[in-house]
4 protein chains.
Amino acid sequence: MYCEGMDSTAKRSPGRPRSTMSHQAILAAAEELLVEHGFSNVTIDGIAARAGVGKQTIYRWWPTKADVILEVTAGKAEFAVPAEDRGGYAEDLRAFLSTAFTLSGDTHTADLLRGLMVESQRRADFGDRFRTTFLEPRRHAFAAITRRAAARGDLPPGPSPDTAADIVFGTLWYRLLTARPGFNEQLVEDLVRALT
Amino acid sequence: MYCEGMDSTAKRSPGRPRSTMSHQAILAAAEELLVEHGFSNVTIDGIAARAGVGKQTIYRWWPTKADVILEVTAGKAEFAVPAEDRGGYAEDLRAFLSTAFTLSGDTHTADLLRGLMVESQRRADFGDRFRTTFLEPRRHAFAAITRRAAARGDLPPGPSPDTAADIVFGTLWYRLLTARPGFNEQLVEDLVRALT
Amino acid sequence: MYCEGMDSTAKRSPGRPRSTMSHQAILAAAEELLVEHGFSNVTIDGIAARAGVGKQTIYRWWPTKADVILEVTAGKAEFAVPAEDRGGYAEDLRAFLSTAFTLSGDTHTADLLRGLMVESQRRADFGDRFRTTFLEPRRHAFAAITRRAAARGDLPPGPSPDTAADIVFGTLWYRLLTARPGFNEQLVEDLVRALT
Amino acid sequence: MYCEGMDSTAKRSPGRPRSTMSHQAILAAAEELLVEHGFSNVTIDGIAARAGVGKQTIYRWWPTKADVILEVTAGKAEFAVPAEDRGGYAEDLRAFLSTAFTLSGDTHTADLLRGLMVESQRRADFGDRFRTTFLEPRRHAFAAITRRAAARGDLPPGPSPDTAADIVFGTLWYRLLTARPGFNEQLVEDLVRALT
DNA sequence: TGCTAAGCGAGACGGTACGTCTTGTCTTCCG
DNA sequence: CGGAAGACAAGACGTACCGTCTCGCTTAGCA
């Protein structure tokens, strides 16, 4: 994240290289504070103090505290869209929805996601990064389910894949943001029916 | 809004009554600043200064700057859900979606709605008021469309009315919050098909 | 008849009046920190914390931390030029020089004066205030000694009063700033001779 | 200045020798920045950037930015005390005072001297170096005037040579630091009279 | 007419976090 | 090893809002 030369032939830039220790300490501190005090109570000063790091070191590498937390979040496996084949489009959909709704029922997770979404509204530039590194990858992973269904030949004459993604993620985020997150059997079934 | 004595037999409370002029000046100032600087750059200090009013006068009547803006918003007709009967569920749906998507394509409106949603995440108490006075009424208005369809007998075997509302408003808000608001023919048609 | 506030005293400005408690607490905190940590280690944050006061309250009333300390200093009697009549110009001069040199021999006092002089170099606006509220009053007090000598008729044909002030205060400050403060019999006698 | 091997039989120390180019570039950069932005706005980072040099290279050879500037200053002829014999103590004194007051009337020079004096207050170690390499040599040069007068036999029964130096330099610095530098006929004459 | 009660403008207050700045040290690679 | 580059810990700075408070003044109904 925010690394320039990623290829193996990368010419080292001159000067002292970025400190891996500080990098890790910052992410670790951010994660701890996230759990302890919640998204909106995490501060740059707090992260710096906890990580034993100068504030400037954070500002040098992340434009915003939300970017730090986004990097923390991006490193978590639990946000991956489940990919295993359940045998049919409806089953895949059900598995995805069930996982997603359950995950967003977790207090800490819900707070984290809400916080990221809020920040993405307040800072346009972070909004771009949030969409690019978090939202879009998940849409793509969801598209894989649709693609698999098409390959299987059981893609129903429902909405287009793009609309399907909007409906699914829209419903998830809407319930998250209106304080009605969490799993709901009826809702999952209705969504599956609407999309198939 | 936030007035105590609502019943017709209301005994006048003693002391100086609330100043209508200040009330109006505050709402007007808030609306101006909203247009000029955008939701997140509106401050209580700013409203007070513009309205020529003490800050306390604002805090006395509204718990939060978002509540002021919510009252400004509530006074606008443009957010009403279209109610006229188009002859069928699909047509009603299309009319509603088209209006809503077009409205949220307006920059100022989008900023306003995003701002309210953001604030509803940051202050649980405002969140409640936002849901009660803004989101829920619109869900109810939407339910009226479904109810009319049922009365007409053309309600399709689609998702339950509640899920339908989640899908419709979820998709609207999701696109608004991910910077993809505005009308989209394909999306509207797909939504109508998914819900019918 | 009952007349309200018709007295000549200034008309109260509107709004909450300045808090005397905060004012005093800030000056007291500044003085304590001055003694404990020395001029250059006093910070606005430190004063605010010690005084239990918001930083803005300091910035509202003093442009610079040096102004706070200048006000602390201005309130101290020890910096007054001794005024009692010793009977002759030479004796008055000796009394003044001896007091001044002895005073500047005190570590805390020397640090304080050096700090003020340093700050007066770094911020032109504070420099003006320092000269106006500290240096000039002392020059005037010194001039009183000369005036008294003239009245007495024993003013010698030495340098003009203004030059005398430059010589006396110049020598005092020069020795203070070159780390050679404190009383020195020979120096005092030489100065007296040069000025008489 | 801060060079290790000074004696002519100096064994070359191992490793890469100090780069003369960097040395000169640093002094040149410091001087330019001094003129352009004034003493207090010169920073180590700024000098390093302008000189195209690493900060460490500066810190390796000078303890403080003030030491860099002190070396720049030391290289300037204009700060030399005029030494030619004017025929008498009073004339020598007048020549010296006139030169010094005129010099300190130059804006850049005054800023430079003030800056050095300020830094000498803030860093005790630099203060020592400032006194040793700048102030003391000038006192000695001034003493030469007194010595010449003694040799000539026209040394007046005024203050001791040491006090004379304190008075002269004290007055100069005092006027410089209180923003009243520059030549002043009356002052010069009064000083000459006081010292003779 | 005077009393009581609350609203009002003004603006100071205690706080919190921000993002910037400078200092002096350190860590890398290159010549 | 010296030097260029630049990251690093530390911590003060001045600003921006927040939500609360304290003034004196105004505006009402009630006595």
Side-chain angles (χ1 to χ4, degrees), chain A residues 11-19 21-23 25 40-46 48-49 51-61 63-65, chain B residues 11-19 21-23 41-46 48-49 51-61 63-65, chain C residues 4-5 11-19 21-23 25 40-46 48-49 51-61 63-65, chain D residues 13-19 21-23 41 43-46 48-49 51-61 63-65 123:
Chain A
K11 256 200 54 201
R12 285 277 282 92
S13 72
R16 181 177 179 171
R18 179 175 185 180
S19 159
M21 259 188 61
S22 292
H23 187 166
S40 60
N41 296 318
V42 176
T43 64
I44 295 269
D45 290 83
V53 140
K55 279 204 290 179
Q56 201 60 51
T57 301
I58 300 180
Y59 282 112
R60 189 171 305 116
W61 300 108
T64 285
K65 80 170 178 190
Chain B
K11 258 194 49 200
R12 278 285 275 97
S13 67
R16 182 176 180 173
R18 179 176 186 179
S19 157
M21 258 189 59
S22 292
H23 187 166
N41 295 320
V42 175
T43 64
I44 294 270
D45 291 83
V53 138
K55 280 204 297 177
Q56 194 65 260
T57 301
I58 301 180
Y59 282 112
R60 197 173 353 255
W61 302 107
T64 284
K65 80 169 179 193
Chain C
E4 37 193 337
K11 254 196 54 193
R12 286 269 288 90
S13 71
R16 181 177 181 171
R18 179 175 185 180
S19 158
M21 259 188 61
S22 293
H23 188 166
S40 60
N41 296 317
V42 175
T43 64
I44 295 268
D45 290 85
V53 139
K55 277 205 290 180
Q56 201 60 49
T57 301
I58 301 180
Y59 283 113
R60 189 165 10 246
W61 300 108
T64 286
K65 78 170 179 192
Chain D
S13 67
R16 182 172 175 176
R18 179 175 185 181
S19 157
M21 259 187 59
S22 293
H23 187 166
N41 295 319
T43 62
I44 294 270
D45 291 83
V53 138
K55 279 204 298 176
Q56 197 57 47
T57 303
I58 301 180
Y59 280 113
R60 191 161 12 244
W61 301 108
T64 284
K65 79 170 179 192
R123 324 269 306 226

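Convention: sequence-line order gives letters A, B, ...; per-chain numbering from 1. Bear in mind that the values here come from a model prediction, so they are computed numbers and not experimental data.
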Which atom of [X] lies closest to which atom of [Y], heavy atoms considered:
X       : Y       : result
C:Val42 : C:Lys65 : O-NZ, 2.8 Å
D:Gly54 : D:Ala48 : C-CB, 4.2 Å
B:Val53 : B:Ile58 : CG1-CG1, 4.1 Å

Should [X] be listed as having a side-chain N or O under 4.0 Å from OP1 or OP2 of [N]?
X       : N      : result
A:Ser19 : E:dC26 : no
A:Arg60 : F:dC8  : yes
A:Thr57 : F:dA9  : yes
A:Ser22 : F:dA7  : no
B:Trp61 : E:dC8  : yes

Problem - Test side-chain contact (heavy atoms from CB on, under 4.5 Å) applied to A:Arg16 - qualifying residues, sequence neighbours left out - result: none
Problem - Set of residues satisfying side-chain contact (heavy atoms from CB on, under 4.5 Å) with respect to C:Asp45, sequence neighbours excluded - result: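 Scan of C:Asp45 (side-chain contact (heavy atoms from CB on, under 4.5 Å), adjacent residues dropped) gives C:Thr43, C:Lys55.
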Practice task
Would you mind reading off the distance between C:His23 atom NE2 and E:dG14 atom P, rounded to a whole angstrom?
Solution key: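 Whole-Å distance recorded here is 13 Å.
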Exercise for the section: To the nearest Å, give me how far apart CE (D:Met21) and C1' (F:dG2) are. Expected result: 14 Å
Fill in the blank from the handout: DNA chain E nearest-nucleotide lookup for B:Gly52 and C:Gly54: closer to the 5′ end is B:Gly52
Handout entry: Sub-4.5 Å side-chain heavy-atom contact between C:Trp61 and C:Arg18
Key =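 Sidechains of C:Arg18 and C:Trp61: in contact.
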Completion exercise
5' to 3', nucleotides 17-23 of chain F under a 4.0 Å protein heavy-atom cut-off (B base, S sugar-phosphate only, - none) gives SSBBBBB
